[in-house]
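To start, the structure itself, in structure tokens.
Here is how names work: the chains are called A, B, and so on, in the same order as the sequence lines, proteins then strands, and each is numbered from 1.
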Amino acid sequence: MEGISVFPIGIVETKTGLSKRQIRYYEQMGLLKPARTKGNQRRYSEKDVKRLLRIKELLKQGFDIQGIKAKLSEESQETSREPEDIIVEKEILNKLNDPIVGNRKITSLYPVSNRAALTEILSEKVKEETPE
DNA sequence: ATTCTGACA
DNA sequence: TGTCAGAA
């Protein structure tokens, strides 16, 4: 019984400490999709509230919209997790395709369980791709 | 009284 | 992000 959307934005505002402006803005950015009443008013569920709280934290931790979007979608699929090997492959592909790897934070997701193995394999991969 | 969308001194 | 307008 937590998927039912019942709270109007005003309640969510007090429950999360986020302004209505922010709550609506994050929705525009595709971070959440609250239900709508027939009168076009937003109705949030507990799940939405938790999501907003997570957004709030990630924001405090200095993440941009893209990063948060990635983290959120990651947490949504957190159920059926893929084998580490496959995850590692995806991470490598993401990093190799993302031009802003060295300096900025990557816009893609990166589970940190086997980060060591990742960086190791990645460095080798990069080494091959980078003939000095 | 509340919320919604669009806009900007 | 805040905030005001005009409508619902």
Side-chain angles (χ1 to χ4, degrees):
Chain A
M1 283 67 190
E2 64 281 312
I4 57 182
S5 306
V6 289
F7 338 88
I9 196 168
I11 302 299
V12 178
E13 181 175 33
T14 67
K15 288 181 75 86
T16 65
L18 292 169
S19 67
K20 296 189 185 68
R21 179 76 165 84
Q22 291 176 298
I23 298 174
R24 292 173 181 138
Y25 177 67
Y26 302 150
E27 180 182 343
Q28 284 182 19
M29 295 298 96
L31 270 39
L32 42 25
K33 36 183 178 359
R36 296 281 186 147
T37 65
K38 290 182 179 181
N40 196 41
Q41 292 199 348
R42 279 168 257 255
R43 283 299 128 90
Y44 301 84
S45 64
E46 285 291 351
K47 201 174 178 182
D48 291 326
V49 174
K50 293 189 69 178
R51 201 181 180 73
L52 284 169
L53 289 175
R54 268 174 272 137
I55 292 174
K56 186 180 179 183
E57 298 313 309
L58 292 172
L59 231 46
K60 182 187 296 181
Q61 292 172 34
F63 281 88
D64 55 42
I65 304 302
Q66 299 255 308
I68 295 177
K69 192 179 174 187
K71 287 294 186 188
L72 259 35
S73 57
E74 170 183 331
E75 288 173 28
S76 296
Q77 321 170 117
E78 189 178 310
T79 307
S80 56
R81 204 168 280 174
E82 301 175 61
E84 293 184 12
D85 302 37
I86 298 182
I87 295 180
V88 173
E89 287 182 32
K90 288 191 174 183
E91 296 309 316
I92 294 176
L93 290 179
N94 285 331
K95 296 205 173 191
L96 291 179
N97 292 328
D98 201 329
I100 54 174
V101 176
N103 1 295
R104 279 274 166 216
K105 71 188 72 169
I106 53 180
T107 59
S108 50
L109 42 162
Y110 50 106
V112 288
S113 342
N114 52 346
R115 207 176 189 168
L118 171 61
T119 45
E120 191 172 340
I121 300 176
L122 178 56
S123 58
E124 292 184 8
K125 196 68 180 179
V126 172
K127 200 172 183 180
E128 296 176 0
E129 308 283 46
T130 319
E132 252 72 62

Are the side chain of A/Lys71 and the backbone of A/Leu58 linked by a donor-acceptor contact shorter than 3.5 Å? no

Under-4.0 Å salt bridge between A/Glu2 and A/Lys47: no

Intra- and inter-strand pairs of DNA chain C in dot-bracket (Watson-Crick or G-U wobble, both distances under 3.5 Å; | for another strand): .|||||||

Indicate, with a heavy-atom threshold strictly under 4.0 Å, whether A/Arg43 touches base, sugar-phosphate, or nothing. nothing

Distance, rounded to the nearest Å, where A/Arg24 contributes CZ and C/dG2 contributes P: 11 Å

Separation of C/dA8 P from A/Lys38 NZ (nearest whole Å): 19 Å

On a heavy-atom basis, the closest approach of A/Glu46 and A/Lys15 is OE2-NZ, 4.3 Å

Is there a side-chain contact between A/Thr16 and A/Ile23 (heavy atoms, below 4.5 Å)? yes

If you take any heavy atom closer than 4.0 Å to DNA chain B, which residues from residues 6-16 of chain A end up in contact? A/Pro8, A/Ile9, A/Gly10

So CD1 of A/Ile68 and CD of A/Glu57: to nearest 0.5 Å the spacing works out to 10.5 Å

Between A/Leu31 and A/Arg51, the two heavy atoms sitting closest are O-NE, 2.5 Å

Between C/dT3 (P) and A/Ile23 (CD1): distance, integer Å: 15 Å

Which atom of A/Arg43 lies closest to which atom of A/Pro34, heavy atoms considered: O-CB, 3.9 Å

Residue met sooner reading DNA chain B from 5', once A/Arg21 and A/Asn40 are mapped to nucleotides: A/Asn40

As an exercise, state the distance from CG of A/Leu32 to CD1 of A/Ile55, rounded to the nearest 0.5 Å. 5.0 Å

Tell me the interatomic distance from A/Tyr25, atom OH, to C/dT3, atom P, rounded to whole angstroms. 18 Å

Starting at the 5' end of DNA chain C and moving along, which residue's nearest nucleotide shows up first, A/Gly39 or A/Leu59? A/Leu59

